Amino acid sequence: MTEAAQAPEPELVAPPARRARRTSELLPSLALLAILAIAAYLRFSGLNWDDFTHIHPDERFLTMVETGIEIPDDLAGYFDTATSPLNPHNRGYGFFVYGTLPIFLVRFLAEAIHQTGYDQVHLVGRAASAAFDLISVWLVYLIGTRLYRRRVGLLAALLAALSVMLIQQAHFFVVDSFANTFVLAGLYFAVRVMDRGAWDDYLGFGVALGMAVASKLSAVPLAAVVGLAVLPRLIGEKGRLVDAEIGRVARGLLIAAATSIVVFRICQPYAFWGPGFLGVKPNPQWVANIREQRSQAGGDVDMPPNLQWFDRTPYLFPLVNLVVWGMGVPLGLVSWAGWLLAVVRAVRGRWRRHLIPVVWTGAYFVWQASSFNPSMRYFQPIYPTLALLAAWALWEAWDWARNRIGRRRLLASGA
């Protein structure tokens, strides 16, 4: 054998530095997969937790709706509000205020796997809810990585994966976990708008916004987030208006707005009277249902479920519930400490990275905490951003402690 034949192929032998770099690039991916595996186990295990007794009232109602609706034969039937068999109002449910996108997704999935019965479809819905919440954990990673660093994204994903409230809601066939996924997708595209401002970033935000609102109407405040996202683009590093960005931002906002309206029209078709896609007159029955629901949630209607909300301390009552029961005391306290630290950093001038998670978390909490009915699940859209701020704060504390120890060692060695 010649010397040339004995020599190894150069591309097959990686130098130590290259091998170490490949390992460092692989480890975060493996860590993310491990986090997603943990999240999947916590969300998919025990889906039949009530052994077919249907004890969750909202879920039981949605299960009844799912067994009653049917998929129309064509698109014309889909957009015909007065006759569509997919419209709950036409199947004996005159009061329906939930977003229809999750209901449609579960019905299509249930029909595809032939599980549309009363003791079947709710398990399909629970599995779908768990799957969407698993996607939410991945989106938390993407947001944290883009806003801060990959290590922040990984820790934030882990904290979200372990959040008690998110795990619990993922076991219910209700619309909240679906809506939360689309809200997080909207936050992710808003961060991309802030960083890049490309037309497809605005388009992605519009799609996410339309789907979020078509899942749960309380996701409407997400629309304001894209307005926050364009501020760093309009305001330069020196605090002056960047004239060149005005036209781009205006076009982008128009794309986002138009897209969200079209998507909502498709995903919540019976909010409109129809028939046909262009029949966009508001559906009077849907509008009346929403008004009635708001009266119930606001305490204007005397009904037994409302009695529990009287004499509750605004802000403090939901805050304690969120910290103690929703996240657990350690994570809950660290999350709000991270929020406060981010506020301080923002006030001191470093506001661009913190703008979206700080304003979204704070404003949404104030909105829900000041309402008559501050139910714990109404705060679900801020659990992921609180986990994100907790992860950022923990890494900031780690870096501060490591630098402080390093300085002490340096001073000691110099002495």
Side-chain angles (χ1 to χ4, degrees), residues 72 74-81 84 86-87 97-105 132 135 139 142-143 146 175 178-235 241-284 286-287 290 355-356 359-360 363-364 381:
D74 50 34
L75 279 178
Y78 178 83
F79 287 109
D80 191 346
T81 300
S84 173
L86 201 57
N87 183 358
V97 294
Y98 295 92
T100 53
L101 177 57
I103 312 307
F104 295 169
L105 290 175
F132 269 83
I135 296 173
L139 287 170
L142 293 181
I143 296 170
R146 182 171 280 271
V175 301
F178 297 87
N180 229 33
T181 300
F182 297 125
V183 166
L184 283 170
L187 294 178
Y188 170 68
F189 281 108
V191 173
R192 286 180 43 156
V193 165
M194 184 175 64
D195 287 342
R196 299 194 322 158
W199 69 269
D200 56 323
D201 299 326
Y202 291 98
L203 179 68
F205 179 85
V207 172
L209 173 62
M211 289 184 168
V213 179
S215 298
K216 192 170 185 178
L217 201 58
S218 59
V220 165
L222 178 65
V225 175
V226 73
L228 294 175
V230 301
L231 286 180
R233 307 198 64 80
L234 292 173
I235 303 175
L241 184 66
V242 181
D243 295 334
E245 286 290 335
I246 296 177
R248 297 177 201 163
V249 165
R251 288 191 296 271
L253 292 177
L254 182 61
I255 291 173
T259 303
S260 65
I261 293 172
V262 171
V263 171
F264 181 75
R265 175 69 182 99
I266 295 172
C267 299
Q268 184 93 24
Y270 312 124
F272 307 90
W273 186 241
F277 179 79
L278 297 180
V280 293
K281 179 182 177 181
N283 179 2
W286 181 79
V287 173
I290 296 301
L355 180 64
I356 291 176
V359 174
W360 170 256
Y364 201 93

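The model shown is predicted, which means the values in this text are computed figures rather than measured ones.
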Mind listing the side-chain donor-acceptor pairs of residues 242-254 below 3.5 Å, one per line with the distance, residues two or more places apart or on another chain?
unit_1, atom_1, unit_2, atom_2, d
Glu245, OE1, Arg233, NE, 3.4
Glu245, OE2, Arg248, NH1, 3.0

Which atom pairs, one a donor and one an acceptor, fall under 3.5 Å between side chains of residues 180-190 and the rest of the protein, sequence neighbours left out?
unit_1, atom_1, unit_2, atom_2, d
Asn180, ND2, Gln380, O, 3.2
Thr181, OG1, Phe132, O, 2.7
Thr181, OG1, Ser136, OG, 2.8
Thr181, OG1, Ser177, O, 3.1

Cut-off 3.5 Å, no hydrogens considered: what does the side-chain donor-acceptor table look like for residues 203-227, sequence neighbours left out?
unit_1, atom_1, unit_2, atom_2, d
Ser215, OG, Met211, O, 2.8
Lys216, NZ, Asp176, OD2, 2.5

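Checking side-chain atoms of Asn87 against main-chain N and O of Thr81 turns up a donor-acceptor pair under 3.5 Å. The closest donor-acceptor contact from the side chain of Trp360 to the backbone of Pro381 lies under 3.5 Å. One N or O on the side chain of Ser260 and one on the backbone of Ala257 form a donor-acceptor pair closer than 3.5 Å. Within the 3.5 Å criterion, the main-chain N or O of Phe277 finds a donor-acceptor partner in the side chain of Arg265.
Here the options are Phe79, Tyr270, Tyr78, the test is side-chain contact (heavy atoms from CB on, under 4.5 Å), and the partner is Ser84; only Tyr270 passes.
Separating the CZ atom in Phe104 from the CD1 atom in Ile266 is a distance of 12.0 Å, to the nearest 0.5 Å. Here the CE-CG distance, from Met194 to Leu228, works out to 10.0 Å after rounding to the nearest 0.5 Å. Atoms CZ and CZ, on Phe264 and Phe272 in that order, are 5.0 Å from each other to the nearest 0.5 Å. To the nearest 0.5 Å, atom CG of residue Leu231 and atom CD1 of residue Ile356 are 9.5 Å apart.
Heavy-atom neighbours of Leu241 CG from other residues, nucleotides or ligands within 6.0 Å: above the threshold of 12.
What you find for Pro284 and Trp273 is that their closest heavy atoms are CD-CE3, 4.1 Å. Considering every non-hydrogen atom in both Ala229 and Pro232, the closest pair reads O-CD, 3.3 Å.
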